[in-house]
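Accompanying notes for the structure given below.
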Amino acid sequence: MTRGSFSASLTDVLWSFLASCFLLAFCVHKISTHLPRKYETCRLYVLFQDLIRYGKTKQNLSRDDWLRALDVPKRWFWHFYFISVVWNAFLLSLYLNSIFQHQSYPSWLTGILDILTDAPNTDSHVPQLSTLLVQLLLCFHSLRRLLECLFVSVFSDGALHVVQYVFGVCYYVILGLTVLGSDRLGEGTGSLLSQLDWFHVAGSALFIWASLMQHQSTVLLAGLRTGKSGSVETLAHRVPRGGWFELVSCPHYFAELLIYVSLSLAFGGVSLTWWLVVLYVLFNQALAAQLCHDLYVSKYESYPRHRKAFIPFVL
């Protein structure tokens, strides 16, 4: 492939496909909200809603028993982050060994990366420092979310579909491979310190700010169910207030998007693959936020009408 040409890798195709699926799901949901109520009992409609909803947005969905049999507890969210921490820490260790000890990846990992990154865009060059930084930030993000799930969040008896559960597990595995595969676009010359650029600092700063914003939102949500002593007093859903909740119904989802934007910035903004990941996160989180927002608006007559669902003043 000559310089200046373009050919999508398998990871590009995969993330484009996932982004398209969630964009389509978001559009279909928006259209379905204007359908007559008689269609809410349609089997295809129920199956679609069952696959895109989880937690509190699934509770009022009229489902057959066989669909309920496919539920797993929403509190199992911590499994995703545990897998992410272990898997991405493992990939990070391999990457550090390849940089400082010049050790090759295991043959099975090399084979997977060969398949995923078989046709990269040669116009994009990602410094090794960017790959290392994104791996570190992703590990930190997963560890924080794991600790929040275990020690901060208060989960009700909400559920998610087993397909969503399997998807969540696979997602963090593929995400780690996507980060590691970016090094195949990389420039390995010079020391890591010599590769330091403004976008590494800017990306890290945005990551920290968005992480603090997400943590604050998680604490505020947990506070709706706990007393001053920190003990759980109720599992009921209440209107969240304070912080960024005054602008949007789901600031924790907006923060998730900003976190992935910060990682793309840490890549110098030159990784097409990672921008496709950002697109996927945008549509995925927009759908989840819209479902929550619709629930709040329909359930609480006094719900603030100025609040957007996801992005302040926009969506």
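Please read all numbers here as calculations on a predicted model, not as lab measurements.
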_Quick check: closest heavy atoms across C139 and V85, and the distance to 0.1 Å?_
O-CG2, 4.4 Å
*No-hydrogen, no-angle side-chain donor-acceptor test under 3.5 Å, R225 and H237*: yes
_Residues that, via side-chain heavy atoms closer than 4.5 angstrom, fall in one hydrophobic cluster with V239_ = Y296, V297, Y300, Y303
*Which atom names give the shortest non-hydrogen contact between L133 and A266, and what distance separates them?*
CD2-CB, 4.0 Å
*State, yes or no, whether a side-chain contact exists between S62 and V46 at a heavy-atom distance under 4.5 Å.*
no
*What class does the angle between the rings of W15 and Y280 fall in, given that below 30° is parallel, 30 to 60° is tilted and above 60° is perpendicular?*
tilted
*Check against side-chain contact (heavy atoms from CB on, under 4.5 Å), E256 and H141*: CA-CA 10 Å; E256 186 80 1; H141 173 64; 3.4 Å; yes
*Residues in side chain to side chain contact (heavy atoms under 4.5 Å, CB included) with R75, at least two apart?*
P73, F155, D157
_Polar contact flag, side-chain donor to acceptor under 3.5 angstrom, R53-Q59_ = no
*State, with a plain yes or no, whether a side-chain heavy atom of F22 is found less than 4.5 Å away from one of V281.*
no
*Is the W87 ring parallel, tilted or perpendicular to the F90 ring (thresholds 30°, 60°)?*
tilted
*Begin with the C-alpha distance, continue with both residues' side-chain angles, and end with the deciding distance and a verdict on ring-ring contact (aromatic ring centres under 6.0 Å, His included) for F80 and F77.*
CA-CA 6 Å; F80 303 152; F77 258 52; 5.4 Å; yes
*asked:* Just verifying a value: how many Å separate H161 NE2 and D71 CG, rounded to the nearest 0.5 Å?
replied: 7.5 Å
_Return the CZ to CG distance between F207 and L258, rounded to the nearest 0.5 Å._
12.0 Å
*Does any N or O in the side chain of Q103 come within less than 3.5 Å of the main-chain N or O of L94, such that one atom is a donor and the other an acceptor?*
no
*Is there a path of hydrophobic side-chain contacts, each under 4.5 Å between heavy atoms of I, L, V, M, F, W or Y residues, that connects L150 with F140?*
yes
*How long is the gap from CG on D50 to CZ on R63, to the nearest 0.5 Å?*
4.5 Å
*Do the side chains of I112 and L177 get nearer than 4.5 Å, heavy atoms only?*
yes
*State yes or no: do L18 and L160 share one hydrophobic cluster built from I, L, V, M, F, W and Y residues joined by side-chain heavy-atom distances below 4.5 Å, directly or via other members?*
yes
*asked:* If we count only N and O atoms by modelled type, under 3.5 Å, do the side chains of D294 and H29 hold a donor and an acceptor together?
replied: yes
*Just checking, is any N or O donor in the side chain of T117 or S9 under 3.5 Å from an acceptor N or O on the other one?*
no
_Sub-4.5 Å side-chain heavy-atom contact between I52 and V28_ = no
*Could you check whether the rings of W209 and W244 sit parallel, tilted or perpendicular, using 30° and 60° as the cut-offs?*
perpendicular
_Note, P127 side chain near D197 side chain (heavy atom, < 4.5 Å)_ = no
*Y105 OH to L91 CG distance, which is reported to the nearest 0.5 Å*: 8.5 Å
_Cluster overlap F82 with V152, hydrophobic side-chain contacts below 4.5 Å_ = no
*Could you give me the CA-CA distance, side-chain angles and deciding distance for Q290 and F26, then say whether side-chain contact (heavy atoms from CB on, under 4.5 Å) is met?*
CA-CA 8 Å; Q290 189 64 56; F26 179 82; 3.9 Å; yes
_Hydrophobic clustering (ILVMFWY, side-chain heavy atoms < 4.5 Å, transitive) - are L67 and V162 grouped together?_
yes
_Atom pair OG1/NZ of T33 and K30 - distance to nearest 0.5 Å_ = 6.0 Å
*Please list, chain by chain and in numerical order, all residues satisfying side chain to side chain contact (heavy atoms under 4.5 Å, CB included) with V248, sequence neighbours excluded.*
P251, K308, P312
_Quick check: is F167 connected to V13 through a chain of hydrophobic side chains (ILVMFWY, heavy atoms under 4.5 Å apart)?_
no
*asked:* Can you see whether H200 engages S130 through a side-chain donor-acceptor pair at a distance of less than 3.5 angstrom?
replied: yes
*Hydrophobic cluster partners of W198 (side-chain heavy atoms under 4.5 Å)*: F199, L265
*Take atom OH in Y95; do more than 12 heavy atoms of anything else shown fall under 6.0 Å from it?*
yes
_Closest non-hydrogen atom pair between G55 and K74, with its separation_ = CA-CD, 3.8 Å
*Taking side chain to side chain contact (heavy atoms under 4.5 Å, CB included) as the test, write out the residues that go with V261, two or more places apart.*
L206, L257, V278
_Candidate list V179, L14, T11, V126, test side-chain contact (heavy atoms from CB on, under 4.5 Å), partner T273, passing option_ = T11
*Is there side-chain contact between V154 and T226, with heavy atoms separated by less than 4.5 Å?*
yes
*Starting from the C-alpha separation in whole Å, work towards a yes-or-no answer on side-chain contact (heavy atoms from CB on, under 4.5 Å) for L92 and L132.*
CA-CA 7 Å; L92 174 61; L132 179 59; 3.5 Å; yes
*Please tell me if the side chains of Y253 and N284 come closer than 4.5 Å, counting only heavy atoms from C-beta onward.*
no
*Is the closest side-chain heavy-atom distance between R144 and S211 below 4.5 Å?*
yes
*Between H293 and S249, do the side chains contain an N or O donor and an N or O acceptor separated by less than 3.5 Å?*
yes
*Where is the tightest heavy-atom contact between Q216 and G243, given as atom of each residue plus distance?*
OE1-CA, 4.0 Å
*Closest non-hydrogen atom pair, G203 against S262*: O-CB, 3.3 Å
*asked:* Give me the atom names and distance for the closest heavy-atom approach of L129 to Q195.
replied: N-OE1, 2.9 Å
*When clusters are formed from ILVMFWY side-chain contacts under 4.5 Å, directly or step by step, what else is grouped with L221?*
L220, L224, F245
*Look up atom CD1 in I83 and atom CG in N88, then write down how far apart they are to the nearest 0.5 Å.*
11.0 Å
*Is it true that the side chains of T178 and W274 contain a donor and an acceptor less than 3.5 Å apart?*
no
_Chi angles and distances behind the side-chain contact (heavy atoms from CB on, under 4.5 Å) call for W275, D12_ = CA-CA 9 Å; W275 281 118; D12 294 336; over 6 Å; no
